[in-house]
Structure formats: structure tokens, C-alpha cells
> 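The structure under discussion is supplied below as C-alpha cells; questions concerning it will follow.
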Amino acid sequence: MIRVAVAGPRGRMGALAVETLVTQRDMLLVGVLDRKMAEQSATIAGAVPIYTDMATLAEESKPDVLVELTTHETVFSHAKEAIKEGIRPVVGTSGLSAEQIDRLAELSRERGLGCLIVPNFSIGAALMMKFAAVAAKLMPEAEIIELHHSGKKDAPSGTAELTARMMAASIAKSKNLNDDPDKEDGTAVIPIHSVRLPGLLSHQEVLFGGEGQLLTIRHDSFSRESYMSGIKLSVREVMKREGLVYGLDKLIG
Ligand SMILES: NC(=O)C1=CN([C@@H]2O[C@H](COP(=O)(O)OP(=O)(O)OC[C@H]3O[C@@H](n4cnc5c(N)ncnc54)[C@H](OP(=O)(O)O)[C@@H]3O)[C@@H](O)[C@H]2O)C=CC1
Ligand SMILES: O=C(O)C1=N[C@H](C(=O)O)C[C@H](O)C1
């Protein structure tokens, strides 16, 4: 049985994650981590205890995994504290900096614990990133447009950042860029444009321009249900891993 805790249980994602994880036969929801004792989190969590600090959560409920779904302001300290307490983070929250990601890689390696950073739990988005990385090798002139609901607090999205990183790595490996004297260090910077509007949920387009042509790779999430199978997979996978894995695409082969 995997003992799971969820941080951010009153949030749009956290509440649905709680609802999903309690139905899994191989998982036991042992606690939720909130920033305050709220009546709403008590309703969501049901019989599950609510904690407002990691050390007490760790000591009393002994989770194996923490699913982190809070905000860009909190996520790094939660993930760091979890690793310190021997809890494997599954980080869905966006907004970690490259330095923070490197630090979590270091900490999880030192502690011999799995740590997953999954900017997008949907299978379609993972495929979009893979396809974009392949396309970037042959069509490196590319830009990303990410579009989200107006309640999203951070920009650019975590999905767009990982897409850009995978495309840059792919371009750097390809002969095209390494031969380009205009690129100083061989690292392509893929521009990201962010749109926040009511009516949207989560959408991304990767545009590739070429002589007389345009390739568009697009993914849309129309409901947060699209993330739930990826969350379940990530909780199971983090138990089998050591060190950092960044992206659902690395879990699905
Ligand atoms: N990886 C993925 O596939 C997906 C990732 N996301 C990401 O997940 C994150 C959450 O998104 P969403 O649910 O829409 O956001 P919400 O704003 O709906 O939820 C965030 C929740 O976190 C709570 N919170 C804030 N600080 C703390 C803290 N210190 N401890 C515990 N809880 C805290 C907030 O409480 P309060 O309201 O009281 O401040 C709120 O309930 C975002 O970063 C988003 O980008 C979203 C969708 C998919
Ligand atoms: O805030 C959201 O909604 C989402 N955030 C994630 C991100 O920043 O990429 C994942 C998805 O795009 C939805």
C-alpha cells in the first residue's frame, strides 16, 4: 500500500487529486497539507487528518509520497522539506526555477529517494512535448504559445518551460544548430508567449516556421480529469525511482 499525502487540498487540482487517489486500491490517503485549518479541506479530506506543517505530517501520518499541488511560492520549500523527511515528492505545481530543479535533483540523489517533477500530467501534453522535440531538430525556428484560464497565477506555464527545454536539448544535439555560427553556446532559446483569458483551461501550440510552410503541434486540456491518470502513474512510479525525473514523457517510454 502506498501512503500518499496531498498538499493544496482546497485547490482546483488538489481537491480532484484527493477524490481520485482515495479510490485507488494500492494507495492510502494518510493526510493533507494545507496552509490553514479550513472547514473546506475537512470536507474534502473526509476522515483524513489535515496538517499545516510537513514535520508533523511526516511524524504522525508517515506518507511515502507527497503530491504537491499548491503555488509557485510554496512548492520548492514543500518539496525540499518532504525529501528531508524521507517523503518522495510528486510535484505538479509549476513555477520552479532551473536552480531549484537542480537543487531538488541533488537532494533526492543524496537521500536516495525518487522525486518527480511533472509540469503536465496529461498524456496528450507529454506526447506534444516529445513530438515538438523531434520536430525541432529539423525545424529549429519555433515559438510556443501557451494559453490558460485567468485563475492561473504563474507565467510562463511549467508545460511551456519543459517543452522549450526539450526542444533546445534536441536542437543542440542536431547538426543543424551546432554548425550555426550565430548561436554562441549551442543552446537555442525558444520564445514563449503566455495568454490568460476566461473560457480557457490549458492549451499549448508549438509553431515551427520554414520556407513557405508552418507546422503547428497543439494540445488542449478541456477538463482537469485529463491530469488524473498521470497523477496515479506518477505516484506509483516515484516509489520505484531514485533521484529526479522531470516530465511525464520520461515515465511513458
Ligand atoms: N502538473 C499538472 O498537470 C498541473 C499542474 N497545475 C499546477 O498546479 C498548481 C495548482 O493549481 P490549481 O489547483 O489550479 O491552483 P489553486 O489556486 O486552485 O490551488 C492552490 C491551492 O494551494 C493552496 N496553498 C497555498 N499555499 C499553500 C501552502 N503553503 N500549503 C498548502 N496549500 C497551500 C491554496 O490555498 P489558498 O487558496 O488558501 O491560498 C489553494 O487551495 C499550479 O501551480 C498549477 O500550475 C495545474 C493543473 C495541472
Ligand atoms: O495552472 C494550470 O491550470 C496548469 N498548469 C500547468 C502548467 O503550468 O503547465 C499544467 C497545465 O498547463 C495546467
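Just so it is clear, the model here is predicted, and its values are computed rather than measured.
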> Between atom NE2 of H78 and atom CG of L33, what is the distance when rounded to the nearest 0.5 Å?
4.0 Å
> Among the clusters formed by ILVMFWY side chains lying less than 4.5 Å apart, do V6 and M228 turn up in the same one?
yes
> Strictly by salt bridge (charged side-chain N to carboxylate O under 4.0 Å, His left out), give each pair with a member in residues 105-133 just once, sequence neighbours left out.
R103-E106
> Looking only at heavy atoms, what is the nearest atom pair of V18 and P9, with distance?
CG2-CB, 4.3 Å
> With side-chain contact (heavy atoms from CB on, under 4.5 Å) as the test, pick out the partner of V238 among V91, V65, L233, L251.
V65
> Checking the side chain of T93 only, and the main-chain atoms of E68 only, is there a donor and an acceptor separated by less than 3.5 Å?
yes
> Does a side-chain heavy-atom distance below 4.5 Å link F121 with L69?
yes
> Would you call I101 and I117 a side-chain contact if the rule is heavy atoms closer than 4.5 Å?
yes
> Should V235 and Y227 be regarded as members of a common hydrophobic cluster, given that ILVMFWY residues are connected when their side-chain heavy atoms come within less than 4.5 Å of each other, either directly or indirectly?
yes
> Can you hop from L113 to L96 via hydrophobic side chains spaced under 4.5 Å?
yes
> Going from CE on M128 to NE2 on H219, what distance comes out if it is rounded to the nearest 0.5 angstrom?
6.5 Å
> Looking at R88 and D64, would you say the former's side chain and the latter's main chain have a donor-acceptor pair under 3.5 Å?
yes
> Which pairs count as salt bridge (charged side-chain N to carboxylate O under 4.0 Å, His left out) when at least one residue sits in residues 152-162, sequence neighbours excluded?
K152-D154
> Apply side-chain contact (heavy atoms from CB on, under 4.5 Å) to E60 and list each qualifying residue two or more places apart in sequence or on a separate chain.
Y51, T56
> Give a yes or no on this: more than 12 heavy atoms of other residues, nucleotides or ligands lie within 6.0 Å of atom NZ of K84.
no
> Side chains of E85 and P63: closer than 4.5 Å at any heavy-atom pair?
no
> Closest heavy-atom contact between G31 and L57?
CA-CD1, 4.2 Å
> Ignoring hydrogens, what is the shortest heavy-atom contact between S122 and N120? Give both atom names and the distance.
OG-OD1, 2.8 Å
> Give a yes or no on this: more than 12 heavy atoms of other residues, nucleotides or ligands lie within 6.0 Å of atom CD of E143.
yes
> Is there a side-chain contact between L66 and V4 (heavy atoms, below 4.5 Å)?
no
> For C115 and I83, what are the C-alpha separation, side-chain angles and deciding distance, and is it a side chain to side chain contact (heavy atoms under 4.5 Å, CB included)?
CA-CA 8 Å; C115 172; I83 294 171; 4.3 Å; yes
> Excluding sequence neighbours, so at least two apart, what forms salt bridge (charged side-chain N to carboxylate O under 4.0 Å, His left out) with E225?
none
> Taking atom NE2 of H149 and atom OG of S221, what is their separation to the nearest 0.5 Å?
10.0 Å
> Looking at OG of S157 and CD1 of I144, how far apart are the two atoms once the value is rounded to the nearest 0.5 Å?
8.0 Å
> If you compare all heavy atoms of M167 against all heavy atoms of A132, which two are closest, and at what distance to 0.1 Å?
CG-O, 3.7 Å
> Any chance you could lay out the side-chain hydrogen bond (donor to acceptor under 3.5 Å, both in side chains) test for S223 and S226, step after step, and finish with the verdict?
CA-CA 6 Å; S223 127; S226 61; 5.6 Å; no
> What pairs of donor and acceptor atoms, side-chain ones from residues 241-248 against any protein atom, are under 3.5 angstrom apart with sequence neighbours left out?
| unit_1 | atom_1 | unit_2 | atom_2 | d |
| --- | --- | --- | --- | --- |
| R241 | NE | E237 | OE1 | 3.2 |
| R241 | NH2 | E237 | OE1 | 2.8 |

> Would you mind reporting whether I190 and I171 have side-chain heavy atoms less than 4.5 Å apart?
yes
> Any idea which heavy atoms bring M13 and I231 closest together, and the distance?
CE-CD1, 4.0 Å
> Looking at side-chain heavy atoms only, is the closest gap between R12 and L16 below 4.5 Å?
no
> Check for me, please, whether I145 and L127 land in the same ILVMFWY cluster - side-chain distances under 4.5 Å, paths through other members count.
no
> Given salt bridge (charged side-chain N to carboxylate O under 4.0 Å, His left out), test R196 with E146 step by step and report yes or no.
CA-CA 9 Å; R196 299 288 175 265; E146 57 96 345; 2.7 Å; yes
> Within the distance-only criterion (no hydrogens, no angle test), does the side chain of R3 pair as donor or acceptor with the backbone N or O of S61 below 3.5 angstrom?
yes
> One pair to check against side chain to side chain contact (heavy atoms under 4.5 Å, CB included): D249 and M166. What are the steps and the verdict?
CA-CA 10 Å; D249 56 289; M166 287 169 63; 3.5 Å; yes
> How long is the straight-line distance from CG of L107 back to NZ of K80, given to the nearest 0.5 Å?
8.0 Å
> Assess whether side chain to side chain contact (heavy atoms under 4.5 Å, CB included) is satisfied between R10 and R35, documenting all intermediate values.
CA-CA 10 Å; R10 281 176 299 111; R35 68 180 182 79; 4.2 Å; yes
> Is there a side-chain contact between T20 and K232 in this structure, where contact means two heavy atoms from C-beta onward sitting under 4.5 Å apart?
yes
> If hydrophobic clusters are built from ILVMFWY residues whose side chains come within less than 4.5 Å, do M37 and V32 share one?
yes
> Decide side chain to side chain contact (heavy atoms under 4.5 Å, CB included) for L28 and I2; before the verdict, give the C-alpha distance in whole Å, the side-chain angles of both, and the deciding distance to 0.1 Å.
CA-CA 6 Å; L28 184 65; I2 309 173; over 6 Å; no
> Please tabulate, for the side chains in residues 199-211, all donor-acceptor contacts under 3.5 angstrom to protein atoms that are two or more places apart in sequence or on a different chain.
| unit_1 | atom_1 | unit_2 | atom_2 | d |
| --- | --- | --- | --- | --- |
| S202 | OG | H148 | NE2 | 3.3 |
| H203 | ND1 | D220 | OD1 | 2.7 |
| H203 | NE2 | L201 | N | 2.9 |
| Q204 | OE1 | A160 | N | 3.3 |
| Q204 | NE2 | T163 | OG1 | 3.0 |
| E205 | OE2 | R218 | NH1 | 2.8 |

> Nearest heavy-atom pair of I123 and I252: which atoms, and what distance?
CD1-CD1, 3.5 Å
